[in-house]
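Working notes, beginning with the structure itself.
Nothing fancy with the numbering, it's 1 onward along the sequence.
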Amino acid sequence: MRTDVLALAAVLSVSAAIRGAPPPVATSASAWRVPDADFRILVAPAAPKSHTLRVDLPEEFSATNAAVAAFTTDGKPVAARPIQFQGRTVGVELHISRHTAGAAYRQARSTRRPPLSVELYLTRAGKPPTPAATLPPPVGRTPVALTRRLARYRTRPFLGREMLRLEAVAKTGFRYTIWTPGITPELPYDKWASPPERYTAVLHWETELRLEKKAAVRFGAGALNTAWFLFVDDAFIVGWKEGLPPDKGTRFSRPLDLAPGFHRLDFFVYQRSGENIPALSWQQGDTPPAALQSERLFPTRRPPALRIERRKKALHPGLEIRQLERWVFTQTGANALALNAVGRGRSYSRGAIRSQALAAGGRNAVGLPVSCMLFPGCKLPSLTLTAQDEAGARATVSLPGHTIWGPVRLAAPVLELRNLPAVLPPDAPLTASCAVLDVPPPLAPAFARSDAVRWETRDSSDQPLSSGTVPLESPDHGIRSLRVPLGGARLLVLHLEAGGAVPAVRPVIVELLRPDRPVPPLILRGNRLFADGVPAVLRPLANPANREQPRGVHSPSRSTRLAVVDDFWAVASAPDALVRPETGLTELLGVPVDYYGVDSPDLVGSVRRLRKFALLAPATAKQGSAVLWAVGAADLKAGRRPVELCLDLLFLAEAVQAAGCTPVLCTLPPIPGVEPATIREAALLIKELAFKLRVPVVDFYSKALLDYPGSTRNFSSTFRTFDGRIGLRTPNDRTRIWLTRVTADTLKSVFATASDTNESLKR
């Protein structure tokens, strides 16, 4: 009957507002139990058992000596005490009984959302709210939450960082939480006194310490044989093995300069069977160490959902926080808080809520509901909630921030570059794609809402040159093409911040190598080059088409050694293919010859057309050498265009010159698996490149047309045994000897032989 009357009254109120009548004083669907209160806050319990709940008040609601009263929605009184700081009421302690919490928990399981089952009234006037007779009698304060769980640990943590990681990977298991007056070695239950054999009891006290003024404070504890750790405002301060040397059985931290306000304390103890629990103490200035007074301690648990109502307003913002978790990103070590938020606002007599938005820490407001908002650090920033109803009325309320402990979870996302080119024209932008991998499903929405990948280019002195952003989209976690102008950059750095604020992913660095300086050894992994452990992109100094003059032309008479880098000549041994080029060239040229094949065992498992770059460093290890690049077959067989092959050869030739050696190019003879037109185009471009670079070129293609007239198929047949039955990966011995002679005839003028040296000495 009462419900029907209240519902009818609400309908009449809405009808009156539509007709232009003034809104009623009572702006809730239910009558206020304290009619002269200025504010009412409807909150949800934070635990299914008896607990102490802390409700932080927005600054606009706080007042000197504000009076408070609390009731359940069915009219039962709830013990409430104001929390004072510097003459203002900044919060309220609520002692939620087991019956109230249990009923709310059962309702939450059935509705899948926490019910707003407690009504908190605040009166600014400072007088006790009426009716005073409904207030519950005073009860003992329990501002400290103590959680205990049992675990089987082979060893216990020694350092604070070890303890953090242990908590992050610990299984949830059974955790029992009670509320106590303080942090003391005496546990409330006899069965908690000592864990069973082979078990460790993990005890966690959490509370907030109030300081009225700035102070230098030290914290410490005894029982040095029991593992314990203390965190203040989520920062590790002192532990049983870390801190100042023990003084009379107590290990203290260094003095901390704490500002006035509330500071969160988290005290962990890893107790084994038969071990004592340490007593936590603190020391201000030169005063003797003492236990923490209960009147200075305040609860940490906040309501998971609340709605704030003003007595003379019709629009009431509400907020529900779901899955508030602490994440540690292993790549960067960054801490972040993740939460889901749902609007719980109400509008009476003016129409339904049309929109609600939430802003935090100076960030732009996000419309509710929202999943996975990420905040850097371990302190939840102040939240600004804005609601608007269908009639256009707006209401805004700001909730103060506070430090959060856990639960702690680990994440290791990775920002990966894909389709990174090996060689890039000097005047072309870098194009690639990026992806964020290994993102835990709860954090996926935050990464999907990342504004952009931020890039910056740097010179050889690590000074920034340019920067920009590339927008990402949400469906695939930011896999989008990148197009970055490089200019004269030597480094490209990519950043991605989860949620636009948290550095959860290590920056990706790309080395942009140019041959005007000695190129470091290149390591080939799969289809990517690496230099000094980071991805590398090779950039020639000038395009072949625009190349007028060569850089650093070396006199041929200075070459005293030959290095051959080969991907078609003698990369395999087979029947009728046993002659090695280094043997014949040594005899014909009279200089030492080093051979480097792309099928070296060290390069197996990588892309064959890129293996020539990994051989650049060994081929140029000895200055004064000539380096013959007998490569290109792997590129053309892989479908690359001849102009792309010439771009690779341009970089290699410039890098050889920078290393103090003489580059030698060669055209490819007709080979099986490549169209004759492609071989011809490649030969023309390679000879043109050699002319512009003013470097020697061994023209296998033209010589093959002269020595094997009639058709290029005649030369291709040399990739078979003499009887023509077995196809070879490389030419047979007869053709290998031919290749050796052509090379020796072309390069005789490049090397200073011993006889030439003797003749010069006689003169």
Side-chain angles (χ1 to χ4, degrees), residues 515 540-542 544 547-570 581-582 584-596 612 615-616 618-633 635 642 645-669 679-680 682-707 736-757:
L541 297 178
R547 190 66 180 266
E548 296 292 341
Q549 297 293 332
R551 290 176 177 264
V553 178
H554 297 272
S555 174
S557 61
R558 296 180 56 189
S559 298
T560 59
R561 195 177 189 92
L562 176 64
V564 179
V565 181
D566 168 39
D567 73 350
F568 78 95
W569 187 339
E582 60 268 27
L585 290 174
T586 300
E587 295 176 356
L588 295 175
L589 294 175
V591 296
V593 178
D594 301 313
Y595 178 83
Y596 303 96
K612 55 183 177 289
L615 298 174
L616 174 62
T620 57
K622 298 178 181 179
Q623 290 192 357
S625 300
V627 182
L628 171 63
W629 294 100
V631 295
D635 295 73
L645 170 61
C646 288
L647 185 64
D648 295 354
L649 294 175
L650 172 62
F651 178 87
L652 292 171
E654 292 176 333
V656 168
Q657 290 179 342
C661 300
T662 300
V664 180
L665 304 183
C666 75
T667 61
L668 292 174
I679 291 289
R680 180 177 182 276
L684 293 175
L685 292 178
I686 291 173
K687 287 191 288 186
E688 181 183 2
L689 176 62
F691 173 77
K692 291 187 175 182
L693 293 175
R694 295 184 183 178
V695 299
V697 57
V698 181
D699 193 1
F700 289 136
Y701 179 78
S702 298
K703 187 65 174 173
L705 296 182
L706 294 175
D707 293 350
R736 289 188 178 189
I737 295 174
W738 178 86
L739 292 169
T740 303
R741 288 176 178 174
V742 173
T743 303
D745 292 341
T746 306
L747 299 183
K748 282 183 178 179
S749 61
V750 175
F751 299 97
T753 62
S755 60
D756 296 335
T757 304

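Thr667 contributes a side-chain N or O that, together with a main-chain N or O of Tyr701, makes up a donor-acceptor pair within less than 3.5 Å.
Summarising the geometry, atom CG belonging to Leu650 is positioned 11.5 Å from atom CG belonging to Leu645; distances are rounded to the nearest 0.5 Å. Distance CG/Leu647 to CG/Leu689: 9.5 Å, rounded to 0.5 Å. Distance check, rounded to the nearest 0.5 Å: CG of Leu649 to NZ of Lys612 gives 7.0 Å. Taking OG1 from Thr746 and NZ from Lys703, the interatomic distance works out to 8.5 Å, rounded to the nearest 0.5 Å.
Here the closest non-hydrogen pair linking Ala626 and Val664 is CB-CG2, 4.3 Å. Taking every heavy atom of both residues into account, Gly584 and Thr740 meet most closely at C-CG2, 3.7 Å. Between Val627 and Ala619 the shortest heavy-atom distance is CG2-O, 3.6 Å. In plain terms, the two heavy atoms of Pro669 and Ala704 that are nearest each other are CB-CB, 4.5 Å. Contact detail for Asp567 and Ala633: the closest heavy-atom pair is OD2-N, 3.2 Å. Taking each heavy atom of Trp738 and Phe700 in turn, the nearest pair found is CH2-O, 3.8 Å.
With sequence neighbours left out, Leu668 forms a side-chain contact (heavy atoms from CB on, under 4.5 Å) with Phe568, Leu636, Ile679. Here Ala570 pairs with Asp566, Arg580, Pro581, Tyr595, Arg736 under the side-chain contact (heavy atoms from CB on, under 4.5 Å) rule; sequence neighbours left out. Residues passing the side-chain hydrogen bond (donor to acceptor under 3.5 Å, both in side chains) test with Asp594 are Arg561, sequence neighbours excluded. Taking the side-chain contact (heavy atoms from CB on, under 4.5 Å) definition, one finds that Ala655 meets it with Pro515, Val519, Leu616, Phe651, sequence neighbours left out. Residues satisfying the salt bridge (charged side-chain N to carboxylate O under 4.0 Å, His left out) test with Asp699, not counting sequence neighbours, are Lys687. Qualifying side-chain contact (heavy atoms from CB on, under 4.5 Å) partners for Ala653, counting only residues two or more places apart in sequence or in other chains: Pro663, Leu693.
Tested against Thr743 for a side-chain contact (heavy atoms from CB on, under 4.5 Å), the candidates Leu588, Leu585, Leu589 yield a single pass: Leu585. In summary, of the residues considered (Val695, Asp648, Leu652), a side-chain contact (heavy atoms from CB on, under 4.5 Å) with Trp629 occurs for Leu652 alone.
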Given side-chain contact (heavy atoms from CB on, under 4.5 Å), test Thr620 with Ser625 step by step and report yes or no.
CA-CA 7 Å; Thr620 57; Ser625 300; over 6 Å; no
